[in-house]
Amino acid sequence: MLSGVSLGQSYASALPGLYEPWQAATFPDPQMLVLNTALAVELGIDPDALDAVTLTGQALLPGSAPIAMAYAGHQFGGYSPRLGDGRALLLGELTAPDGRLVDLHLKGSGRTPFARGGDGKAAVGPMLREYIISEAMHALGIPTTRSLAVVATGEQIARDTLLPGAVLARVAASHLRVGTFQYAANTGDAEMLDRLARYAIERHHPAAFEAPNPYFSFYESVVQAQAELLAKWMLVGFIHGVMNTDNMTISGETIDYGPCAFMDRFSPATVFSSIDHGGRYAYGNQPVIAQWNLARLAETLLPFFAPEQDDAVTMATDVLRSFTDRYDAHWLAGMRTKLGLPEHADRAIVDELLALMQAQSVDFTQCFRSLSSALRGDPSRARSLFSDPSAFDQWSARWNAVRNSDTRASGEVATEMDAVNPVYIPRNQLVEAALDAATNGDLAPFHALVEVLQHPFEERAGLERYAEPGIQDAPYRTFCGT
Ligand code: AMP
Ligand code: MG
């Protein structure tokens, strides 16, 4: 049964010291740009209970007591002890009909005590961008925060030019970040850190309480969740762009869609973010960076692992090292499904295809999708993607040899491949065009794109242009969207 919103405050009750109570700024003329009614219904909320006034924090929802959360973070490797929600508020938590507890959170709702030099605001374009990409990620089956609504504030905000302002309402399994643990550890208050760890265990990995050392088991669960998440990103060509420790969740959900984008042509060195000069967060670096971030998490938890620091470090290092195997196992299993390979197929055939794609600058998404047609007897779609199709033919012969050990019917395998190789991803040129139009008041391209991306695996007539890579004469650039 759908009802209005009723929010709880479990984070605020459990974790004083890790937030500041705060209110949203006043906005002149809040107008709903997009409301995710399907998500509202999934959360048991009557969409009519959500309006532009409450979703910009102008009026409090029942049970709401907004807070700005505190966290620290390593940004591009450098440590900032105090970041926190500079322009965001946690309104409270709600319980979905399936029992899940989720955060309802606003982004762009005005300056907070953590705002540092920022204006606390967000522009329509970047907030709709988060909406498009997070909802696309969800449809692709990738754990992510979700976008509930984007509301225009009626304000013009100063960026390179004046831009229409907006607030994003999002939901998340929680907003606990690696940086939340760093902040708590940095206060030197061991009791607070303990409360944070226990809160995180209860909320995300309750089975850890049954383990001999719940903190260690919890850490292992976070490592596992992130290894799985990173494999999922890599399998669809997603580049987060700003994998700072404050942008990595404890839940294993993707969070903070800023300069993120999907790769077109396969190249591990692909970077879109205009501020990532060294390529720290390049596509191919992402698993290593996740592991680096998880090392920062381990550092905060060492005192809970074992009484002797050396023992604690050994325990942490073992789990941290296991990230690589956990990640590889997921990635390889995913690649086998993408290529229709039998369960124990060697990874060589995958690596050979990737090398070929890289050498010939082949579109990542189109290439994988085309392989099911090849399996159904028509290799022309795949061949046409390669400037030297003979190299593909040679690879294809080896691929067929590997697949020959498979007992499943090829039609069945092709169907399974189509269920994991998307036709439609948020193509950069389409995202940009939709955001430009929306910034100028036309939401039609945005809605059309969001609709296509809700069914990424289902090829539909008339949507050919949504499957096309962009023209890549000039490198695509993304911005942090502040
Ligand atoms: P991000 O790179 O988006 O994850 O943001 C990093 C930090 O900067 C977070 O603490 C944000 O709250 C803060 N921040 C980003 N943009 C603004 C803004 N316009 N005003 C205040 N704080 C901001
Ligand atoms: Mg962030």
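Just so you know, residue 1 is the first one in the sequence shown, and it goes up from there. Counting starts at 1 for both ligands and their atoms, in listed order.
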Evaluate the ring planes of Y424 and Y466, with Trp represented by its six-membered ring, and classify them as parallel (under 30°), tilted (30 to 60°) or perpendicular (over 60°). perpendicular

G258 near ligand 1 by a heavy-atom separation under 4.0 Å: no

For the Mg ion (ligand 2), decide whether D256 has an N, O or S atom at a distance under 2.8 Å. yes

For ligand 1, which atoms, with element, lie under 4.0 Å from some heavy atom of D256? 4 (O)

What are the atoms of ligand 1, with element, lying closer than 4.0 Å to any heavy atom of Q75? 6 (C)

Below the 3.5 angstrom mark, is there an N/O of F114, backbone or side chain, next to an N/O of ligand 1? no

Could you list which atoms of ligand 1 come closer than 4.0 Å to a heavy atom of K121? 19 (N)

Can you tell me if G120 has a non-hydrogen atom under 4.0 Å from ligand 1? yes

Within a radius of less than 6.0 Å around CZ of R321, do more than 12 heavy atoms belonging to other residues, nucleotides or ligands occur? no

Aromatic W292 / basic R280 pairing, under 6.0 angstrom, 45° off normal: yes

Ligand 1 atoms in contact with L83 (distance to a heavy atom under 4.0 Å): 10 (O)

From the Mg ion (ligand 2) out to just under 2.8 Å, does an N/O/S atom of N247 turn up? yes

T56 and L106: which non-hydrogen atoms are nearest, and at how many Å? C-CD1, 3.7 Å

For the CD atom on Q454, are there more than 12 heavy atoms of other groups (residues, nucleotides or ligands in this structure) within a distance under 6.0 Å? yes

Pi-cation contact, Y71 with R177 (under 6.0 Å, within 45°): yes

4.0 Å heavy-atom contact, R111 with ligand 1: no

Which heavy atom of P287 sits nearest to which heavy atom of L230, and what is that distance? N-CD1, 3.9 Å

On the 0 to 90° scale, with breaks at 30° and 60°, tag the Y215-F304 ring pair as parallel, tilted or perpendicular. parallel

Tell me which one of N247, I157, T112 gets a heavy atom nearest to atom 2 (O) of ligand 1. N247

Relative to atom 11 (C) of ligand 1, which among G84, A88, A72 owns the nearest non-hydrogen atom? G84

Is the number of heavy atoms from other residues, nucleotides or ligands under 6.0 Å of E432 CD greater than 12? yes

Of the backbone atoms (N, CA, C, O) and the side-chain heavy atoms from C-beta on, which set of D85 has a member under 4.0 Å from an atom of ligand 1: side chain, backbone, both, or neither? backbone

For R116 and ligand 1, does the shortest N/O to N/O distance drop below 3.5 Å? yes

